[in-house]
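First comes the structure, then the notes that go with it.
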Amino acid sequence: MAETPSANLKTPTDLKTNAAANVADALNGILADSFALYMKTKNFHWHVSGPHFRDYHLLFDEQAAQIFATTDEIAERVRKIGQVTLRSIGDIARHQSSKDNDADFVAPAAMLKELRDDNLALVEKLRAAKDLADDAKDNATSAIIDDWTDGAERRAWFLFEAARTG
Ligand SMILES: [Fe+2]
């Protein structure tokens with residue numbers, strides 16, 4: 001349920017409040033999952049091991065940077081449509097629907113699969129958010145979601161190919 005912005009934070013918009021709140025709800029969930037995926041990708045960057053260390057270490061760092069770059073865009077879309085976004089690590093945890101991985105050791109193949117699945121889950125959430133943005137006539141959110149979707153699909157593709165064994 002979207003937080004009602006205080007009067008001081010109501011950015012002017014012609015969008016209907018209820019429809020904008022639905023978009024903000026979806027975007028705040030995507031933002032939380034993006035921070036969680038950023039952290040997981042960095043976790044794997046730091047803890048990966050084995051003969052493909054260099055490849056995977058660098059791939060995960062590149063993907064973490066891509067994910068991190070989307071977080072500011074997501075949060076600012078929420079503010080541009082007159083809604084409020086996340087404020088803390090606790091707020092991320094409350095809005096996050098993807099799972100953390102705090103395991104002592106994760107095999108490299110399992111890292112590739114888990115990140116691929118998380119990125120594909122993000123794509124599903126982005127598609128659902130795009131429907132809400134279209135319903136709200138929020139065409140700027142709808143358009144930028146296409147870029148975020150393309151990035152997540154690109155990451156899933158790289159993770160899929162890197163996981164091939166032959
Ligand atoms: Fe690093």
Side-chain angles (χ1 to χ4, degrees), residues 1-47 59-103 111 113-159:
M1 188 63 190
E3 181 188 340
T4 306
S6 80
N8 291 329
L9 291 176
K10 278 188 181 153
T11 314
T13 176
D14 63 309
L15 296 176
K16 301 252 185 315
T17 306
N18 282 350
N22 288 339
V23 174
D25 254 353
L27 290 183
N28 284 335
I30 287 165
L31 180 60
D33 282 345
S34 297
F35 277 121
L37 183 55
Y38 164 75
M39 185 65 208
K40 185 183 284 182
T41 306
K42 275 291 195 183
N43 166 18
F44 291 172
H45 165 71
W46 296 322
H47 295 107
L59 175 65
F60 296 160
D61 207 29
E62 186 184 295
Q63 295 202 342
Q66 290 165 5
I67 296 161
F68 188 72
T70 65
T71 57
D72 191 57
E73 295 175 345
I74 298 166
E76 291 193 357
R77 274 313 305 160
V78 178
R79 293 295 298 126
K80 287 170 188 168
I81 60 171
Q83 302 293 311
V84 288
T85 188
L86 307 184
R87 295 189 166 88
S88 65
I89 298 287
D91 222 3
I92 291 169
R94 283 186 289 276
H95 285 82
Q96 176 186 343
S97 59
S98 63
K99 284 203 173 68
D100 290 337
N101 186 337
D102 295 316
M111 287 181 173
K113 183 183 186 311
E114 187 167 334
L115 293 178
R116 188 186 75 206
D117 290 348
D118 282 1
N119 275 287
L120 290 175
L122 194 62
V123 167
E124 280 184 42
K125 289 204 173 67
L126 287 164
R127 291 196 209 289
K130 186 173 173 82
D131 285 344
L132 293 171
D134 289 341
D135 290 345
K137 300 196 187 313
D138 178 359
N139 42 1
T141 296
S142 178
I144 198 170
I145 282 176
D146 294 345
D147 295 340
W148 302 332
T149 304
D150 181 62
E153 286 177 335
R154 186 176 194 275
R155 290 190 296 275
W157 172 38
F158 274 57
L159 292 160

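Fair warning: this is a prediction, and the values are worked out from it, not measured in the lab.
Between Asp118 and Lys99, none of the side-chain N atoms (NZ, or NE/NH1/NH2) sits under 4.0 Å from a carboxylate O, so this pair counts as no salt bridge. Taking 4.0 Å as the cut-off between side-chain N and carboxylate O, Glu3 and Arg94 do not count as a salt-bridged pair.
Residues Arg154 and Gln63 are not in side-chain contact: their nearest non-hydrogen atoms beyond the backbone lie 4.5 Å or more apart. Contact of the Leu122 side chain with the Arg155 side chain is registered, since non-hydrogen atoms from C-beta on lie closer than 4.5 Å. Residues Arg77 and Lys80 are in side-chain contact: their nearest non-hydrogen atoms beyond the backbone lie under 4.5 Å apart. Using a 4.5 Å heavy-atom threshold, the side chains of Leu27 and Gln83 count as separate. In this structure, Arg116 and Phe158 have side chains that are not in contact, with every pair of non-hydrogen atoms separated by 4.5 Å or more. Between Ile92 and Asp33, the closest side-chain pair of non-hydrogen atoms is not below 4.5 Å. Put simply, the side chain of Lys42 does not reach to within 4.5 Å of the side chain of Phe60, judged on heavy atoms. Put simply, the side chain of Lys137 does not reach to within 4.5 Å of the side chain of Ser142, judged on heavy atoms.
Put simply, CG on Leu126 and CD1 on Ile144 are 11.0 Å apart, with the number rounded to the nearest 0.5 Å. Taken from CG in Leu37 to CD in Gln96, the straight-line distance is 10.0 Å, to the nearest 0.5 Å. Atom CD1 of Ile30 sits about 5.5 Å away from atom CD1 of Ile145, to the nearest 0.5 Å. Note: Lys125 NZ to Ser98 OG = 6.5 Å, rounded to the nearest 0.5 Å.
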task = Please assess Lys40 against Asp100 for the test salt bridge (charged side-chain N to carboxylate O under 4.0 Å, His left out), listing each intermediate value before the final yes or no.
result = CA-CA 7 Å; Lys40 185 183 284 182; Asp100 290 337; over 6 Å; no
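Here the side chain of Thr70 pairs a donor or acceptor atom with the backbone of Ile67 at under 3.5 angstrom.
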Enumerate, atom names and distances included, each donor-acceptor pair closer than 3.5 Å involving a side-chain atom of residues 7-20, sequence neighbours excluded.
residue: Thr11; atom: OG1; partner: Arg79; partner atom: O; Å: 2.8
residue: Thr13; atom: OG1; partner: Leu15; partner atom: N; Å: 3.1

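With sequence neighbours excluded, the residues that form a ring-ring contact (aromatic ring centres under 6.0 Å, His included) with Tyr38 are Phe68.
In terms of heavy-atom proximity, Leu31 sits nearest to Thr71 at CD1-O, 3.4 Å. The two residues Val84 and Asn28 come nearest to each other via the heavy atoms O-ND2, 3.0 Å.
For the side-chain contact (heavy atoms from CB on, under 4.5 Å) with Leu159, the lone residue among Leu120, Asp117, Asn119 that qualifies is Asn119.
No hydrogens or angles considered: nothing links the side chains of Thr141 and Lys130 as a donor-acceptor pair under 3.5 Å.
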